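To keep things clear, I will list the structure first and then write my remarks on it.
Numbered from 1 within each chain, the chains take letters A, B, ... in sequence-line order. Here the structure is a predicted model, which is why all the values come from computation and not from measurement.
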Amino acid sequence: MCGGLFVGGWGQNGRVRIAVAAGRGRGGALRAVAEDGAPTGPVQEVPDLVSAVAERERDSAPRWVWPSTARLYPRLLEAGVRVSRCHDLELVESLLLGHAGRYGEPRSVRAAWARLRGEPVPADAPPPREDAAQPSLFDDGAGREEAADDIGQVVAVHAEQQRAAAGLGGFALLAAAESAGSLVAAEMGHDGLPWSAAEHDALLTEMLGPRPTGGLRPRRLQDLADRISAAFGPRVHVNPDSPAQILRAFAAAGLPVPSTRAHVLRQLDHPAVPLLLEYKELSRLHAAHGWTWLDTWVSGGRFRPEYVVGGVVSGRWATSGGGALQIPRVLRKAVVADPGWSLVVADAAQLEPRVLAALAGDRAFSEAAAHGDLYAALSDAFRDDAGGGRTARDKAKIALLSAMYGGGTADAVQLLAVLKSRFPQAFEYVEAAAREGERGGLVRSRLGRTCPPPSAGWRELTAAGDDDSPGPRQGTAAQALRGRGRFTRNFVVQATAADWALALLASLRRRLTALGPPRLVFFQHDEVIVHSPAELAEEVAGAVRDAAREARLLLFGDTPVVFPMEIAVVDRYADAK
DNA sequence: TCATTAAGCCAC
DNA sequence: AAACGTGGCTTAATGA
């Protein structure tokens, strides 16, 4: 029924693979292999790896088997070469190690090769530092470090990975999705998110005052800092950036507080509070996303962050610079499409609860999730129950988030009881994951991404908690157990949502390639932005919807649960919501 | 002086 | 509304 999906999309059925080893400098080695990893041709040394890849991509669009997309693909992109498929050996090695309960062991091709041969396993090299003082031995002249790969190791490690993955249901799909994600990440880093430095600067000037010189505070921040000190008394000096000084100042004013968090301060009646709250907000904008950030990360009208695929245990992406996944909402005004182009902003509505519904196969829950607003659909279940004057929809939302995050406010506990009686299978699904975690066990996402095992310290602590000796250790052991339960409870949902998002990305990327110019320029857990010529924007929106359906099918087959995308075609990101 | 930790807020 | 999951990033404070 869905065979065509795999032929066109995921290419797991006998497509040609070519193993790649980058040499020192521009050259390298290639070797054709079968899907099971067996070589089907001789090793070919090539003097110019980039042009060799470009040529074979044009001819046959193979699945490229290489040690690391993050290290190799940027070179290709700089040369204008894009590939359609790859197998990222390091990422797949990580996934396989994780599946075997060996999360975090070295994942380089060399390490995998050493494990194969029973030799000492070398640690992974630390990520290259941006401020590396001098060019390394293997610098290729463009400031790049070239580590030489060994084509024999690449071929052998790939074959072993294929052998290992064959026994794990769904794992080939996970490997393909993770690898496709690595291509998207490198391409997005290369293309960049359209970013108006002028808009950003105007926004900063409006909120903070003119750009200061020489590391001074912007005028508005300095003004607030002065007024904060004054609010605590004459000749008092308080550095608002120092939580310790703020605590002391409030204590001296007869208002002892446990912390300076915004929601704590809001409870206080003191003239410094509104000033501090405003200072915190503006100061964070200035420090994290001010002019320095703009100078560092935006060039040529693009914000070019560095995404780290597989950087989060749950399979979500991380970033290693620029903070692309924490862009403050106020700065969305600076994300502006090129003239004649549009931003297609697409967001998976209520992704995680829908994932839970599909995972658990809970019929009542799935029916609720089969149409538009899931929380509203669920709210019927909460209409007659306690919950402190909230709307039924809010109650439903709290209960769901608590079920997934392990939350424990009094209201949430009560609402959870309702969830348990109305949607027992969904409730039981996350409860089972929590119990497994508390036993010290592993849980997995739909496609097989596996959580890390508990640490040795955790095992020791919780084992000690088994005896009945009174004292503080009992409390910490119980805390550790609950913490692990919360983690695994959340993991199954968050990691499966990440599975879904990766499948969406891979599918969408392929569909956009067919459209031509539109480019994926942003991805944030459950949201994507495509930069597209305005006249293609509706086609892009259609591609996003199709990709969401394909992702659902790949993960959950014929589940009734739908994964609707909220899509806006805008000039500026800020206008999307 | 430099590296590490804590506190805090940003995103989902 | 908030302490309940995953992270990044910045400053102040701490410590070698």
message = Expressed as a whole number of angstroms, how long is the span from A:R489:CZ to C:dC4:C1'?
response = 10 Å
ask   = Any Lys/Arg nitrogen of A:R220 or A:E281 sitting under 4.0 Å from an Asp/Glu carboxylate oxygen of the other?
value = no
message = Let's see if you can work this out: which of B:dC12, B:dG8, C:dA12 has an atom nearest to the side-chain heavy atoms of A:D526?
response = B:dC12
query = Rounded to the Å, how far apart are A:Y279 OH and C:dA12 C1'?
reply = 12 Å
Quick one: which protein N/O atoms are closer than 3.5 Å to N/O atoms of nucleotides 13-16 of chain C? Pair and distance per line, please.
{"residue": "C:dA13", "atom": "OP1", "partner": "A:S242", "partner atom": "OG", "Å": "2.8"}

task = Using atom NE2 of A:H263 as one end and atom C1' of B:dA7 as the other, report the distance to the nearest whole Å.
result = 12 Å
ask   = How close or far is atom C1' of B:dC12 from atom CD of A:E527, stated in whole angstroms?
value = 9 Å
Salt bridge (charged side-chain N to carboxylate O under 4.0 Å, His left out), paired with A:R489, selected from A:E436, A:E352, A:E431 = A:E431
task = Pick base, sugar-phosphate or nothing for A:R332, based on heavy-atom distances below 4.0 Å to the nucleic acid.
result = sugar-phosphate
ask   = Any donor-acceptor pair under 3.5 Å between the side chain of A:R316 and the base of B:dC12?
value = yes
task = Answer yes or no: is there a side-chain heavy-atom contact under 4.5 Å between A:V561 and A:R552?
result = no
inquiry  = Within the structure provided, determine whether A:R227 and A:E278 are in side-chain contact (heavy-atom separation under 4.5 Å).
reply    = no
message = Rounded to whole Å, please give me the gap between CZ in A:R261 and P in C:dT11.
response = 19 Å
message = Closer than 4.0 angstrom, basic N to acidic O: yes or no for A:R435 and A:E438?
response = no
ask   = Less than 4.5 Å apart, any side-chain heavy atom of A:L520 and any of A:E187?
value = no
ask   = In terms of the angle between their ring planes, are A:F250 and A:F232 parallel, tilted or perpendicular, with boundaries placed at 30° and 60°?
value = perpendicular
query = Which whole-number value in Å describes the distance from A:F523 CZ to B:dA11 P?
reply = 18 Å
request  = Not counting sequence neighbours, which residues clear side-chain contact (heavy atoms from CB on, under 4.5 Å) with A:W291? List them please.
outcome  = A:D201, A:L204, A:T205, A:L208, A:R211, A:P212, A:P218, A:H286
is_close_aromatic(A:W195, A:F522), centroid dist under 6.0 Å = no
inquiry  = Salt bridge or not between A:R519 and A:D191? Use side-chain N to carboxylate O under 4.0 Å.
reply    = yes
task = Rounded off to whole Å, could you give me the CZ-to-P distance for the A:R484 and C:dT6 pair?
result = 10 Å
ask   = In whole angstroms, how far is the P atom of B:dA7 from the CG atom of A:L265?
value = 15 Å
ask   = So what does A:Q494 touch, heavy atoms closer than 4.0 Å: a base, only the sugar-phosphate, or nothing?
value = base
Would you list the protein and nucleotides 7-10 of chain C atom pairs, both N or O, that sit under 3.5 Å from each other?
{"residue": "C:dG8", "atom": "O4'", "partner": "A:Q326", "partner atom": "OE1", "Å": "2.8"}
{"residue": "C:dG8", "atom": "N2", "partner": "A:R284", "partner atom": "NH2", "Å": "3.1"}
{"residue": "C:dG8", "atom": "N3", "partner": "A:Q326", "partner atom": "NE2", "Å": "2.7"}
{"residue": "C:dC9", "atom": "OP1", "partner": "A:G321", "partner atom": "N", "Å": "3.1"}
{"residue": "C:dC9", "atom": "OP1", "partner": "A:G322", "partner atom": "N", "Å": "3.2"}
{"residue": "C:dC9", "atom": "OP1", "partner": "A:G323", "partner atom": "N", "Å": "3.2"}

Side-chain N,O (A:R329) to OP1/OP2 (B:dC12) below 4.0 Å = yes
inquiry  = At 4.0 Å (heavy atoms only), tell me whether A:A498 reaches a base, stays on the sugar-phosphate, or touches nothing.
reply    = nothing
task = Under 4.0 Å between any heavy atoms, over every strand shown, what does A:I327 touch: base, sugar-phosphate, or nothing? Just pick one.
result = sugar-phosphate
